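Note sheet for the following structure.
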Amino acid sequence: MERTLILIKPDGVKRRLVGEIIGRMERKGLKLVSAKMLVMTSSMAEKHYEIHKTKPFYRDLVKYITSGPIFAAVLEGNNVIQVVRLMAGTTDGSKAQPGTIRGDFATGIERNIIHASDSTEAYNHEYPIFFSREEMLDFRYGDEDIV
Ligand code: CMP
């Protein structure tokens with residue numbers, strides 16, 4: 001089954017949106033495989049956002065994502081990478097559809113509440129920055145036959 005990584009960014013944590021966001025993921029029927037709160041170090045952020053290294057906003061992005069606690073989680077489900085990207089909404093909160101996380105809670109492009117892996121390659125690059133194999137939990141929910 002496909003997996004994805006989400007980060008609820010410092011603005012999402014400070015605005016107490018962790019429960020709201022994880023609640024949406026649970027109600028959608030996604031499996032929470034692992035989760036933790038942490039403050040990212042600069043080297044974690046530089047690795048995570050490596051793909052944006054040459055972009056003009058890279059330094060600000062690293063500074064922002066390391067500015068406070070984040071909530072990191074691995075989710076599992078059918079086509080979960082696309083499902084979570086759709087639930088997150090367009091990167092720029094001012095353009096995101098109402099009903100999406102960014103559409104409902106963000107108005108900016110940097111402070112846009114959530115990060116979600118955009119491909120399998122991105123997930124494989126990102127998740128080891130936050131989780132060891134031992135932290136990925138193997139269990140079944142009681143409703144897996146009907147979700
Ligand atoms: P995220 O999904 O975490 O991945 C990269 C982040 O870069 C993105 O969300 C935005 O927060 C940020 N980003 C993308 N484009 C811009 C931009 N033009 N200016 C500032 N930040 C940006």
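Just so it is clear, the model here is predicted, and its values are computed rather than measured. We count ligands from 1, going down the list as the structure has it; atoms in each ligand are counted the same way.
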>> Surrounding NZ of Lys63 (heavy atoms of other residues, nucleotides or ligands, distance under 6.0 Å), is the total greater than 12?
In response: no

>> For ligand 1 and Lys9, I'd like to know whether there is a polar contact (N/O to N/O, distance under 3.5 Å).
In response: yes

>> Counting C-beta onward and ignoring hydrogens, is there a side-chain heavy-atom pair between His48 and Ile65 closer than 4.5 Å?
In response: no

> Between Arg102 and ligand 1, which part of the residue brings a heavy atom under 4.0 Å of the ligand: side chain, backbone, both or neither?
Replying inline: side chain

> With a 4.0 Å heavy-atom cut-off (strictly under), which part of Lys55 contacts ligand 1: side chain, backbone, both or neither?
Replying inline: neither

>> So for ligand 1, is His115 a polar contact partner (N or O within less than 3.5 Å, distance only)?
In response: yes

> For ligand 1, which atoms, with element, lie under 4.0 Å from some heavy atom of Tyr49?
Replying inline: 1 (P), 3 (O), 4 (O), 5 (C)

>> Is there a polar contact, in the sense of an N or O pair closer than 3.5 Å, between Ala116 and ligand 1?
In response: no

> Where's the contact between Ile109 and ligand 1, heavy-atom distance under 4.0 Å: side chain, backbone, both or neither?
Replying inline: both

> So Tyr127 and Tyr123, ring-ring contact (aromatic ring centres under 6.0 Å, His included) or not? Walk me through it.
Replying inline: CA-CA 6 Å; Tyr127 87 82; Tyr123 169 72; 4.7 Å; yes

> How does Leu61 reach ligand 1, by side chain, by backbone, by both or by neither, if only non-hydrogen atoms under 4.0 Å count?
Replying inline: side chain

> Using a heavy-atom cut-off of under 4.0 Å, does the side chain or the backbone of Leu7 touch ligand 1, or both, or neither?
Replying inline: neither

